[in-house]
Amino acid sequence: MHSCKDVDSGRRQALKTGGGLGVLGLFAMLGLLPPSAFAGADRKAFEHKTLNEALDALGGQIAGENPLITLTAPDVAENGALVPVTVESTLADVEQISILADRNPTMLIAHYTLPKGTDPYLSTRIRMAETSNVIVLVKAGGRFYRASKQVKVTAGGC
Amino acid sequence: MSTPSKMRASLKDGGYVEVRMLMYHEMENGRRKDEAGNIVPAWHITEFRVQHLGRTVLEGQFGTSVSKNPYLVFRFRGGNKGDKLSLWWQDNRGDSRVDDAVID
């Protein structure tokens, strides 16, 4: 198994090198929404190595656990490279959903923006480095809520 | 050249459109070493957007811990059979692509 944590400097350099390539120009070229309309997270949010920093970057550090969010993930994942995660909520006006894992080399895995008319339902597959908690941060009606679930990872796949 | 994404969109009885999509991408996390012990540079999708008749129905950003060939299922309302959807993604090298699907 490849080690995940000993080559961090290389990863960071690669991120720096690749980060700023012509995003805005491509938006314009494709005739998509202007960049100012993109309500995404700051790219820096993806670099944080502690949960508090990552939640802070997303604006949801004080979010409490909420039973109206259903987070489905396996109790045991034999392959950390492919962990199925489904998020569903009955909260009204869900605007954003973020998926994090609290023992990955970087905390934030994916951040989604849901316009009006899109149901609060997402199913995807993530990488987990080791046994840890999957945390879902949901922004609904301007407030943040969260749900978490521990997944035991038998072969890490960050 | 990148591989076309797969996207399947179906109008369900509940009145929503369920979209299943697979974006073919290596999603190298920048931490893996090749056989010679060299670090494989990070190479992953950073952003994607799905539009229905020109209106965004989902957009997102990825870090390095989304699985290879990102797979995603989501649901939106207001779509009809025959409507066109487009899926755009871009990676950290600036490569991008757009693929279309029709709601069935």
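Everything numeric here is computed off the predicted structure, so don't read it as measured data. Reckoned from all heavy atoms, side chains included, excluding hydrogens, waters and symmetry mates. Per chain, numbering begins at 1; letters A, B, ... match sequence-line order.
Contact residues of residues 14-26 of chain B toward chain A are B:Tyr16, B:Leu22, B:Glu26 (heavy-atom distance under 4.5 Å).
Without hydrogens or angle criteria, A:Asp93 side chain to A:Ala140 main chain gives no donor-acceptor distance under 3.5 Å. At distances below 3.5 Å, not a single donor-acceptor pair connects side-chain atoms of A:Thr124 with backbone N or O atoms of B:Leu72. Counting only distance, with no hydrogens or angles, the side chain of B:Ser67 and the backbone of A:Ala81 share a donor-acceptor pair below 3.5 Å.
Residues B:Ser2 and B:Trp89 are in side-chain contact: their nearest non-hydrogen atoms beyond the backbone lie under 4.5 Å apart.
With sequence neighbours left out, B:Glu28 forms a side-chain hydrogen bond (donor to acceptor under 3.5 Å, both in side chains) with B:Arg32.
Ring geometry for B:Phe62 versus A:Tyr112: interplanar angle over 60°, hence perpendicular rather than tilted (30 to 60°).
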